[in-house]
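See below for the structure under consideration.
Fair warning: this is a prediction, and the values are worked out from it, not measured in the lab.
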Amino acid sequence: MELRLQFLESFPVQGSDGASYKVLAYERMARDESVADGLERWESTGVVEYRLEDGRLVDAGSDDSMRIAGSSVSLTRAAPVPH
């Protein structure tokens with residue numbers, strides 16, 4: 001199955017290591033080959049993938065917890081800055 005990522009949003013987070021990070025959320029899209037009209041068609045797989053700005057994967061739990069994959073660094077959404 002051919003997949004591609006479609007950007008959804010980005011948001012700042014604070015790491016348990018004291019560093020600030022930016023998380024980017026992407027929706028995984030799969031090629032829809034059920035329609036043979038010569039056009040590329042993509043449909044949502046229902047899966048959202050999270051990555052740091054530098055490309056490292058972020059594991060997201062069902063309880064909104066986040067952790068840099070392969071590390072012990074947990075991430076917390078930063079408070080929004082008022083305008």
I need the minimum non-hydrogen distance between [X] and [Y], along with the two atoms involved.
| X | Y | answer |
| --- | --- | --- |
| S72 | S16 | O-OG, 3.9 Å |
| V23 | L75 | CG2-CD1, 4.3 Å |
| A19 | Q14 | O-NE2, 3.2 Å |
| I68 | R56 | CG2-NH1, 4.2 Å |

Measure the [atom1]-[atom2] distance between [X] and [Y] for me, rounded to the nearest 0.5 Å.
| X | Y | atom1 | atom2 | value |
| --- | --- | --- | --- | --- |
| M29 | E2 | CE | CD | 12.5 Å |
| Q6 | Y26 | CD | OH | 11.5 Å |
| M66 | Y21 | CE | OH | 12.5 Å |

**Study point:** Side chain proximity check, S74 to R67, heavy atoms < 4.5 angstrom
**Key:**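 Sidechains of R67 and S74: in contact.
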Practice item. Output the rest of the hydrophobic cluster of V47: all Ile, Leu, Val, Met, Phe, Trp and Tyr residues reachable through side-chain heavy-atom contacts under 4.5 Å, sorted by chain and number. Key: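 Besides V47, the hydrophobic cluster comprises nothing; the residue is isolated.
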Check your understanding: Could you walk me through whether R31 and W42 pass the side chain to side chain contact (heavy atoms under 4.5 Å, CB included) check?
Key -> CA-CA 4 Å; R31 185 187 297 271; W42 297 86; 3.9 Å; yes
Review point. Would you say D64 has more than 12 foreign heavy atoms packed within less than 6.0 Å of its CG?
Key: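 It does not: D64 CG has 12 such atoms or fewer within range.
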Exercise for review: Could you tell me which residues satisfy side-chain contact (heavy atoms from CB on, under 4.5 Å) with A25, sequence neighbours excluded, listed by chain and number?
Suggested key: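 With sequence neighbours excluded, A25 shows a side-chain contact (heavy atoms from CB on, under 4.5 Å) to L8, E9, V48, Y50, given in chain and number order.
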Review point. Looking at residues at least two apart in the chain, or sitting in another chain, which of them share a side-chain contact (heavy atoms from CB on, under 4.5 Å) with E49?
Key: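 E49 satisfies side-chain contact (heavy atoms from CB on, under 4.5 Å) with L5, R28, R51, L57 only.
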